[in-house]
Amino acid sequence: MKIKFKLNGELKTAEIVSYMTLLEVLRDTFGLTGTKCGCGNGECGACTVIMNGHPVRSCLILGVEADGSEIFTIESVSANGLSDLQKAFLEEGAVQCGFCTPGFIMAGEALFKRTQNPTDEEIKIALGGHLCRCTGYDAIFKAFKKVKVKKTL
Amino acid sequence: MFSRFDYYAPQTLNDAFAALSKNGNARILAGGTDLVVNIRSGKIKPSLIVDLKKIKWLSGVTKTDRGIEIGPLTTMNELAESSLLKGPYSLLSYAAKIMGCYEIRNRATVGGNIINASPGAETLTPLTVLHASVEVSGNNNKKLIPLNKFVTGPNNTVLSGGEIVTKIILPFYPQLTAGYYMRRARVKGMDLASVNCSVLVVNPNNIEKCQVRAAFGTVMPTPYRSQKAEEILSGKKITLDLIKQAASVINSEINPRATSLRATPEYKRFMVEYFLKTGLSKILGVTF
Ligand SMILES: Cc1cc2nc3c(=O)[nH]c(=O)nc-3n(C[C@H](O)[C@H](O)[C@H](O)COP(=O)(O)OP(=O)(O)OC[C@H]3O[C@@H](n4cnc5c(N)ncnc54)[C@H](O)[C@@H]3O)c2cc1C
Ligand code: FES
Ligand code: FES
């Protein structure tokens, strides 16, 4: 099937089979391997992308559902240098193996777009479904608290 | 990755019915948070996926002369933010707000939740105490089914292959009617509820007319309400003694299965009185 959608700000078309996930389309068809597959079942958050303004899990979405939509992946975030949140991750040591990081960053970029000054509770809600096996979350939480004003995606 | 299937996103309900009637092995797609998981695990092997998301009127919350009408494709985050789901209905938006996680709530729909009908499904007990009815549309007929008749067992409803849920309708309630939703899970983070409960008090300000409803999830195959227990609590000043009586009636009627992965029958039985006590004290503003 043919899909036509906006990917990281550019109009793209692709011919894909209907039984691929959006995650597979992003990684395999478009070569955007920043988005990770941690579980493939919606449980871990590593595959989070922003679709029509909302963070979603690309492993639970069919590639064909992207037709007509607008999608941002982790690759868009550092297109013009690191974002404030990415810098805060480095400063706080919130990255160890890094596998979960793209998912946390995308959830964060979407959060800071909803509200520039989130409460602790709002940060916890935004990150509640993201798993990290390395950092123990504390450094990630601190990095989020450091970012007050988000640069536009 | 998956078994093979075709995909079709109709613009109208009639196109959806036409596709469903042509293909006996078609499955409807809403948010996909149950369906895609089930396809991946091989539990279901559809040959056609019919995505309803292009039919815009199937989503959103509106107020009509029938009551509060919720489109089945309304997402959990949309329910959580709806200005119409306040007061008597706030327990539903609260349940929507705490299910899954933020990204899941951007996709998961209320229709998918009641049709998947897991015993602890987040919206089932709130919709049960609110006396929701489900509008089921077929190729050329439409019927309204009370939710407690719609869900027939774990992952089971009366829905047949060619039918589509087109509305979930909540009746109007007297102004001060209030409810409370409670869940317990194994972890603080994302997990399905081990046991959950919704309590609704209609007319809490008028002792004679006050009506208490309580629905429990995961203690039976479908959300469980005890007529006898609700009679004990309705139409009188509620005391701890009445709550204990009601809880013991419920415990004599339910039969939580021993094979649940998430909680033992003993735990679920213990939670009955706790949920009743907590729900009623939150709603009535008294401590028992
Ligand atoms: C990580 C994760 C966490 C989760 N956490 C929770 C939780 O905490 N609480 C909870 O209750 N659930 C949870 N779920 C389960 C799931 O998200 C919900 O049940 C959700 O509401 C399903 O809605 P959906 O739109 O994604 O349904 P889909 O997967 O699209 O559909 C579910 C079923 O309903 C059918 N269907 C959908 N819409 C219609 C319609 N209008 N007419 C006829 N048939 C229809 C589909 O064919 C399918 O059989 C979780 C799932 C995941 C992956
Ligand atoms: S890979 Fe999608 S949530 Fe884990
Ligand atoms: S840094 Fe390794 S999983 Fe989070």
How long is the straight-line distance from CD1 of I104(B) back to CZ of R57(A), given to the nearest 0.5 Å? 5.5 Å
If you count heavy-atom pairs under 4.5 Å between each of V36(B), I49(B), I98(B) and chain A, which one has the most? V36(B)
What do the steps show when you test F5(B) against L62(A) for side chain to side chain contact (heavy atoms under 4.5 Å, CB included), and what is the final call? CA-CA 11 Å; F5(B) 51 77; L62(A) 301 179; 3.8 Å; yes
Heavy-atom distance under 4.5 Å to chain A: side chain of K54(B), backbone, both or neither? side chain
Chain B: which of H130(A), E43(A), E65(A) shares the most heavy-atom pairs with it under 4.5 Å? E65(A)
Residue K188(B) versus chain A: region with a heavy atom under 4.5 Å: neither
Please examine the side chains of C59(A) and R40(B), heavy atoms only from C-beta on, and report whether any two atoms are closer than 4.5 Å. yes
Can you list the residues that meet the side-chain contact (heavy atoms from CB on, under 4.5 Å) rule with P55(A), with sequence neighbours excluded? T48(A), A110(A), R114(A), Y102(B), E103(B), N106(B)
Among K124(A), H54(A), M51(A), M1(A), which residue has the highest count of heavy-atom pairs closer than 4.5 Å to chain B? H54(A)
Sort R4(B) into side chain, backbone, both or neither according to what part of it lies under 4.5 angstrom from a heavy atom of chain A. both
Proximal component of L131(A), with respect to chain B [non-hydrogen, under 4.5 Å]: neither
What part of L29(B) lies closer than 4.5 angstrom to a heavy atom of chain A: side chain, backbone, both or neither? side chain
